[in-house]
Student: 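I have a structure I would like to understand better, so I am pasting it below and will then ask my questions one at a time.
Every chain is numbered from 1, with letters handed out A, B, ... down the list of sequences.
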Protein chains: 2
Amino acid sequence: MPRPGPRLRLADVAERAGVSLATASRALAGRDGVSQEVADRIRQISADLGYVANPYARTLAGGTSATVGLVVHQVDDPYFSEIAGGVIQVADEQNLLVQICHSGRDPGHELRQIRHLIAQQVGIIIIAGSGYTDAVFESEARAALAAYIGTGGRVAVIGRHSLGVDAVLPDNEAGGKALGVHLLGLGHRRIAVAAGTAGLTTVADRQAGVLAALAKAGIAAGDVPVVHTDFTRDGGRAAAERILADHPATTAIIALNDAMAIGVLSALRARGIPVPDRMSVVGFDDVSVAADLAPSLTTVRLPMTTMGRTALDLALKPAAARPRRRATGHTLMVRDSTGPAPA
Amino acid sequence: MPRPGPRLRLADVAERAGVSLATASRALAGRDGVSQEVADRIRQISADLGYVANPYARTLAGGTSATVGLVVHQVDDPYFSEIAGGVIQVADEQNLLVQICHSGRDPGHELRQIRHLIAQQVGIIIIAGSGYTDAVFESEARAALAAYIGTGGRVAVIGRHSLGVDAVLPDNEAGGKALGVHLLGLGHRRIAVAAGTAGLTTVADRQAGVLAALAKAGIAAGDVPVVHTDFTRDGGRAAAERILADHPATTAIIALNDAMAIGVLSALRARGIPVPDRMSVVGFDDVSVAADLAPSLTTVRLPMTTMGRTALDLALKPAAARPRRRATGHTLMVRDSTGPAPA
DNA sequence: AGCGCTTGCGAAAGCGCTTACGTAGCCTAG
DNA sequence: CTAGGCTACGTAAGCGCTTTCGCAAGCGCT
């Protein structure tokens, strides 16, 4: 690791301005107790010199960290990279640093990452991605975060309602319901679900929505094949293969996220099964390529970038009554991957 | 910003082990001057207590930062998110923190971000994405980084040969050439280029490769329409529209990255132009969805994740002779978006 | 026995900031 | 004209670590 050489310090700015360190610090922090003209002069000099405060010293002294820790399942998954983009936008505006880490969809690893961020004293923690149905994870994470919040930490989660902290939350169940209703409306009755990683609350919620919609139309949950693989393209492929093999009469596949839907489409193409003529396919999230697939993907749009922005906004605003929720809208995007059920 | 409360400090570990701060620090850093048994005891106690050193204090005292600053053009662009994924993988293994920021493909902003990272004393800086043909940017960035390296900073860049620092570099020109050769082999003669943002070295290099290949086949550069928009899906759409309008006889479009290729395909679909029957399309990068488009995209594969890993590896290894280069392979992935030129 | 050397450890000095706390100078009120 | 209260600023005490320096103990050698 490098040892950065002598750098511009606050003392340099103070000296050049002919004031003490304390005054310079106050002026740059915009704190009062400094006359307008002196403050302006200090700020001017600081800007001229290109002074940037050493964040390590600042944090150590002030006990306040300007970095936000962002935990995502996997940054090279479009769902998460769009969220990260939103977080970074706001962080940029607010002059915060963003430190990013992977949880790899593993509750244990995620817990470790969270604890590590806390131990590191980042000022804000944002956790993106589905929660886990694992009760141990839930309670441990909840305890760790509660303690963190108790000491002044700020936390927001995206896409999970667990952990007892501020949340930006899509209505996964309603979205699932909308997909079910859409397919029912097209006359589909033999509908299968390509479900993501078991143990994710998002999977459970979306699936519940789908099944609720189908139940209302008289299709019992027992008659809906649900194949659990994982929330990736390859998981989608595998699920589609299994559905085709075990339930050949299926006319529509609901993938619980777009990555899986892409895999499903790919499997169908490989088998020469025309979409939507012989099989309708829907996804969930509306990642940016969804509209560019062929056929373009019918899916539920979630405003990922906005969700990232909102989460950081939430965390930045003083939390009066603590577990706040910001619902995010969702929109059914009907495109070309769905059509009337074949006769 | 929060003020984290009282936390486990090194002093607590030291006290519990019955040693001084200095000894505890040495033991945990693996430095010698501590007997094996004492070191083991300290490490054991530290682990039991779940002690994590305060990185701010550590950096301030040691002058050595364990964070890597990653500059990308845009994290929600698959090319960059895959690179970021690679960087994060290695960082995870090495226990480094990754701080990410956007340059927005703007040389001025990128320079500011770089300076900011330097001022913040991050230990390692990795800059991903095309360089700029802008000479002012080049010289200022080069100077800033040289000074940074002079003080012990480590730098690696990905996908650009400029800046005089260690680089992980695909052969963009050869890749461009391969695409040209591939299309020529299919009998195409009226080939247009959908080029990305003017002012990016990557654009210039890939374009040069394409033109070189065509020139060898007797097609003068003047006969190859090159439309500059930008390196995004919408840029690709716009470029395609312009090509179709101004050069209706075109039988193949070379998009200089996959994002643009996706836009080109979308524009062609909107116009009802069949690919590859009436128009062949190629991209560059092989982002993960490229294989899942319909038609699947012929493109030049770059190992983005590996590139991210390699860059951080490079930065971590002591640089003997300074400007090192790691070439990354590229592979022409022939898929369904290209076919014989229509008669 | 005395010398220098190594080894293992503690004391203490910072790293560059923030922020009590103290102290001038000035204003207003009695 | 003085007591009390502001305001504007300086002094100095840390934040939690790393690292230099010094010291004591143990070693082999003459």
Student: Choosing from C/dT18, D/dG10, D/dC17, which nucleotide comes nearest the side chain of A/V19?
Tutor: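 Taking heavy atoms from C-beta onward, the closest nucleotide is D/dG10.
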Student: Round to a whole Å and report the spacing from CG of A/L28 to P of C/dG16.
Tutor: 16 Å
Student: Is a side-chain donor or acceptor of B/Q121 paired with a backbone partner of B/S65 at a separation under 3.5 angstrom?
Tutor: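 Such a contact is absent between B/Q121 side chain and B/S65 backbone.
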Student: Separation of A/N54 atom CG from D/dG16 atom C1', in whole Å?
Tutor: 14 Å
Student: At their closest point, which heavy atom of A/Y148 faces which heavy atom of A/V122, and how far apart are they?
Tutor: OH-O, 2.6 Å
Student: When rounded to the nearest 0.5 angstrom, what is the spacing between CG in A/L117 and CG in B/L97?
Tutor: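 Spacing of CG (A/L117) from CG (B/L97) equals 8.5 Å.
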Student: Out of D/dG16, C/dG10, C/dC17, which nucleotide sits closest to the side chain of B/A61?
Tutor: D/dG16
Student: Within the structure, does a side-chain N or O atom of A/R31 lie under 4.0 Å from either OP1 or OP2 of C/dT18?
Tutor: no
Student: Just say parallel, tilted or perpendicular for the rings of B/F137 and B/Y132, cut-offs at 30° and 60°.
Tutor: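 Perpendicular, since the angle between the ring planes exceeds 60°.
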Student: If you compare every side-chain N and O of A/Y51 against the phosphate oxygens of C/dC17 (OP1, OP2), does one of them come in below 4.0 Å?
Tutor: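 Looking at the OP1 and OP2 atoms of C/dC17, one of them is under 4.0 Å from a side-chain N or O of A/Y51.
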Student: Please tell me which of the listed nucleotides, D/dC15, C/dC21, D/dT19, lies nearest to the side chain of A/R26?
Tutor: C/dC21
Student: Rounded to the nearest angstrom, tell me the gap between atom OH in A/Y56 and atom C1' in C/dG14.
Tutor: 19 Å
Student: Which of these nucleotides, C/dG10, D/dG16, C/dG16, is closest to any side-chain atom of A/A57?
Tutor: C/dG16
Student: Ignoring hydrogens, what is the shortest heavy-atom contact between B/I42 and B/A24? Give both atom names and the distance.
Tutor: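 Heavy atoms only, the tightest pair is CD1-CA, 3.9 Å.
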Student: From the options C/dG10, C/dG16, D/dC17, select the nucleotide whose nearest atom is closest to the side chain of B/S20.
Tutor: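 Given the options C/dG10, C/dG16, D/dC17, the side chain of B/S20 is closest to C/dG10.
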Student: Would you indicate which nucleotide in D/dC17, C/dC17, C/dC9 comes nearest to any side-chain atom of B/S35?
Tutor: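 The answer is C/dC9.
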Student: What integer distance in Å separates B/Q36:CD from C/dC9:P?
Tutor: 11 Å
Student: In whole Å, I'd like the distance from the CZ atom of A/R41 to the C1' atom of D/dC9.
Tutor: 12 Å
Student: Would the distance check show the side chain of A/R26 and the main-chain N or O of A/V34 forming a donor-acceptor pair, the cut-off being under 3.5 Å?
Tutor: no
Student: Checking contacts here: which listed nucleotide (C/dG16, D/dC17, D/dC9) is nearest the side-chain heavy atoms of A/V38?
Tutor: D/dC9
Student: Nearest-nucleotide wise, let me know which of A/A39 and B/A11 is further upstream toward the 5' end of DNA chain D.
Tutor: A/A39
Student: Between C/dT19, C/dG16, C/dA12, which nucleotide gets closest to the side-chain atoms of B/A22?
Tutor: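 Looking only at heavy atoms from C-beta outward on B/A22, the closest nucleotide is C/dA12.
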Student: Is B/T23 close enough to C/dG10 that one of its side-chain N or O atoms is under 4.0 Å from OP1 or OP2 there?
Tutor: yes
Student: Could you tell me how far apart B/D32 (CG) and C/dC9 (C1') are, to the nearest whole angstrom?
Tutor: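 Rounded to the whole Å, the gap is 13 Å.
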Student: Would you mind reading off the distance between A/L10 atom CG and C/dC15 atom C1', rounded to a whole angstrom?
Tutor: 14 Å
Student: Give the nucleotide from the list C/dT18, C/dC9, D/dG10 with an atom nearest to the side chain of A/R58.
Tutor: C/dT18
Student: Go through D/dT18, C/dG8, C/dT18 for me and flag the one nearest to the A/L21 side chain.
Tutor: C/dT18
Student: So what's C/dC21 paired with, Watson-Crick or G-U wobble, going by both distances under 3.5 Å?
Tutor: D/dG10
Student: Indicate whether OP1 or OP2 belonging to C/dC17 is found under 4.0 Å from a side-chain N or O atom of A/S25.
Tutor: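 Negative; the distance criterion is not met.
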Student: What is the distance from CZ of A/R9 to C1' of C/dG16, rounded to the nearest Å?
Tutor: 8 Å
